[in-house]
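First the structure, in the form of structure tokens, and then the observations on it.
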Number of protein chains: 2
Amino acid sequence: MAKSSAKPKLEASRPEESDVLIPAAFRNVLGYHLRVAQEASFQAFSTAVDKADLKPGWYSILTILSEYDGLTPSELSRVCGRDRSTLTATLKGLAIRGMIERQQNPDDQRSYSVRLTDEGRRMQARLHAIARKHDRRLDEIVGEDKAALIAILARIVNSLGNG
Amino acid sequence: MAKSSAKPKLEASRPEESDVLIPAAFRNVLGYHLRVAQEASFQAFSTAVDKADLKPGWYSILTILSEYDGLTPSELSRVCGRDRSTLTATLKGLAIRGMIERQQNPDDQRSYSVRLTDEGRRMQARLHAIARKHDRRLDEIVGEDKAALIAILARIVNSLGNG
DNA sequence: ACCAAAAATTTTGTCATCAAACTATCTTGC
DNA sequence: GCAAGATAGTTTGATGACAAAATTTTTGGT
């Protein structure tokens with residue numbers, strides 16, 4: 001299966017004029033564009049989630065749990081890429097609202113595993129619907145370049161993270 | 001010179017294996033990859049800046065000012081894409097450290113313009129050196145796809161921002 | 001001249017993030 | 001079996017972000 005995967009091309013169309021002034025010092029800086037695009041994307045998602053009176057931070061955790069139920073906070077932290085201490089408050093919020101349950105690990109008193117409740121599963125589904133809508137919007141904007149874009153972004157993560 | 005600008009291709013190489021587990025639900029989600037990549041990039045920059053005992057948040061403001069001296073906080077807010085209220089604390093910090101000066105607008109008592117001091121200019125240069133090093137690292141990772149990548153990211157910003 | 005509306009900035013409140021310090025528990029070496 | 005070190009989770013403190021409300025000043029209409 002040599003070269004099995006197609007090689008998507010990125011058409012570098014003429015940059016659209018935006019209503020926002022970009023300082024010359026940033027115009028050619030990847031980090032800047034990366035940041036601005038991510039913030040725009042997150043903001044759009046966040047707004048949609050807010051309208052449903054939910055918290056955007058819940059989505060990733062509930063979704064990871066719906067896939068890998070029973071992770072410990074530390075494992076969860078590794079999977080979702082947040083510091084352990086960041087999760088403490090979110091997990092507390094989710095527990096208070098009855099979306100997760102903590103179950104003591106009988107072999108290690110320090111540790112517990114986190115499980116979704118039925119309520120948590122329902123909430124995950126609601127958030128997932130919003131997320132999918134947002135994704136489709138992004139997909140439409142990016143178009144055929146999606147796979148290539150994801151590959152580059154993953155390369156950035158791996159290179160900066162491990163190299 | 002038809003087709004004067006080359007059309008960079010994105011080689012979608014086989015995704016490198018990373019040491020981090022990516023949940024299946026996120027594997028194909030642009031927003032997720034965008035976020036993770038941006039965080040990796042910012043983290044790398046932040047670490048470098050920290051080593052020099054500086055604040056990453058200063059860089060964008062000082063750089064914008066070095067290009068457009070004398071902006072008001074509101075204008076600055078628009079250019080750097082942050083909420084006006086976010087700038088208050090940073091500007092205060094920069095003023096305390098003598099990197100900027102506030103100059104009352106004689107025609108409008110509510111408003112003032114922000115100017116770099118010599119100290120601020122020196123600080124901007126130091127931060128800029130760090131930023132350039134970081135940029136070069138990103139450029140190396142992204143390679144020939146840079147222009148195409150920036151174009152897509154800008155498209156995301158414009159579409160989500162105005163659409 | 002006055003009063004209402006708009007505008008520029010700051011203040012306040014909430015949230016997410018990391019790093020460092022802390023507590024409790026487990027594991028290991030001796 | 002015990003002390004030293006590692007690990008799990010939480011707490012605390014700093015940063016930086018937004019939104020909403022408050023403040024001050026300007027502008028506009030009558």
Side-chain angles (χ1 to χ4, degrees), chain A residues 35-36 38-51 53-62 70-97 100 102-114 161, chain B residues 31 35-36 38-51 53-62 70-97 100 102-114 127 161:
Chain A
R35 178 163 186 177
V36 172
Q38 194 274 317
E39 283 174 352
S41 161
F42 180 74
Q43 189 65 29
F45 177 59
S46 189
T47 299
V49 168
D50 260 16
K51 280 190 196 139
D53 262 315
L54 308 176
K55 300 266 181 275
W58 294 351
Y59 174 56
S60 49
I61 292 186
L62 293 179
L71 293 183
T72 66
S74 286
E75 291 164 340
L76 205 43
S77 142
R78 247 168 280 134
V79 175
C80 81
R82 309 264 148 256
D83 193 271
R84 280 169 306 164
S85 61
T86 304
L87 295 192
T88 303
T90 310
L91 290 178
K92 191 188 291 186
L94 288 171
I96 285 173
R97 283 164 243 265
I100 59 170
R102 297 155 135 119
Q103 186 177 350
Q104 269 299 319
N105 177 348
D107 296 341
D108 189 338
Q109 293 308 114
R110 297 168 302 179
S111 186
Y112 62 85
S113 60
V114 181
Chain B
R35 177 164 187 176
V36 173
Q38 194 275 317
E39 282 173 353
S41 161
F42 180 74
Q43 189 65 29
F45 177 59
S46 189
T47 299
V49 168
D50 257 18
K51 281 190 195 138
D53 262 315
L54 308 175
K55 301 268 182 269
W58 294 349
Y59 174 56
S60 48
I61 292 185
L62 293 179
L71 293 183
T72 65
S74 285
E75 291 163 341
L76 204 44
S77 144
R78 244 168 283 134
V79 175
C80 80
R82 309 264 146 257
D83 194 273
R84 280 165 303 169
S85 61
T86 303
L87 295 190
T88 304
T90 310
L91 291 177
K92 191 187 292 185
L94 288 171
I96 286 173
R97 289 171 177 78
I100 59 170
R102 297 155 135 119
Q103 187 176 349
Q104 270 299 321
N105 177 347
D107 295 340
D108 188 338
Q109 294 306 114
R110 297 169 301 181
S111 188
Y112 60 85
S113 60
V114 181
L127 283 162

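All figures in this text were calculated on a predicted structure; none of them were measured in a lab. Naming convention: chains lettered A, B, ... in sequence-line order (proteins, then strands); numbering from 1 in each chain.
- Taking atom CH2 of residue B:Trp58 and atom P of nucleotide D:dT15, one finds them 9 Å apart after rounding to whole Å.
- Put simply, NZ on A:Lys51 is 18 Å from P on D:dC18, counting in whole angstrom units.
- Distance B:Asp50 CG to C:dC18 P: 14 Å, rounded to the nearest Å.
- Here OG of B:Ser113 is found 11.0 Å from CZ of B:Arg102. Values are rounded to the nearest 0.5 Å.
- Between B:Leu91 atom CG and D:dT15 atom P the separation is 15 Å, expressed in whole Å.
- Contact annotation: B:Tyr112 side-chain N/O to C:dT10 OP1/OP2 distance is under 4.0 Å.
- Considering only heavy atoms from C-beta on, A:Tyr112 stays 4.5 Å or farther from A:Gln103 through its side chain.
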Anything under 3.5 Å between a donor and an acceptor, one on a side chain of residues 84-97 of chain B, the other on a protein residue two or more places apart or in another chain? List them.
residue: B:Ser85; atom: OG; partner: B:Asp83; partner atom: OD1; Å: 2.7
residue: B:Arg97; atom: NH1; partner: B:Gly93; partner atom: O; Å: 3.2

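- Straight-line distance from the CZ atom of B:Phe45 to the P atom of D:dT15: 16 Å, rounded to whole Å.
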N/O-N/O pairs, protein side and nucleotides 19-23 of chain D side, under 3.5 Å:
residue: D:dA19; atom: N6; partner: B:Ser85; partner atom: OG; Å: 3.0

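- Nearest-nucleotide mapping onto DNA chain D: of B:Arg82 and A:Pro73, the residue sitting toward the 5' end is A:Pro73.
- Atom NZ in A:Lys55 sits about 17 Å away from atom P in D:dC18, given to the nearest Å.
- OP1 or OP2 of D:dG9 has at least one side-chain nitrogen or oxygen of A:Ser111 nearer than 4.0 Å.
- Residues A:Thr88 and A:Arg35 both approach DNA chain D. Their nearest nucleotides, taken by heavy-atom distance, put A:Thr88 toward the 5′ side.
- Across B:Pro56 and B:Val49, no two heavy atoms sit closer than the pair N-CG1, 3.7 Å.
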Show me, pair by pair, the donor-acceptor contacts under 3.5 angstrom made by side chains of residues 41-48 of chain B, not counting sequence neighbours?
residue: B:Ser41; atom: OG; partner: B:His134; partner atom: NE2; Å: 3.2
residue: B:Thr47; atom: OG1; partner: B:Gln43; partner atom: O; Å: 2.9

Produce the list of close N/O pairs, under 3.5 Å, pairing protein atoms with atoms of nucleotides 23-26 of chain C; give distances to one decimal.
residue: C:dT25; atom: O2; partner: A:Arg110; partner atom: NH1; Å: 3.1
residue: C:dC26; atom: OP1; partner: A:Gln109; partner atom: N; Å: 2.7

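- For the helix from C:dA1-D:dT30 to C:dC30-D:dG1, the axis fitted to the five pairs at one end and the axis fitted to the five pairs at the other end meet at an angle of 0° (nearest 10 degrees).
- If you measure from atom CG of B:Leu87 to atom C1' of D:dT15, you get 14 Å, rounded to the nearest angstrom.
- In this structure, CG of A:Leu76 is placed 13 Å from C1' of D:dG9, rounded to the nearest angstrom.
- Across all strands shown, B:Gly81 has heavy atoms under 4.0 Å from sugar-phosphate atoms exclusively, and none from any base.
- Here A:Ser46 lies out of heavy-atom contact (under 4.0 Å) with every strand.
- B:Glu39 meets the salt bridge (charged side-chain N to carboxylate O under 4.0 Å, His left out) test with A:Arg82, B:Arg35; sequence neighbours excluded.
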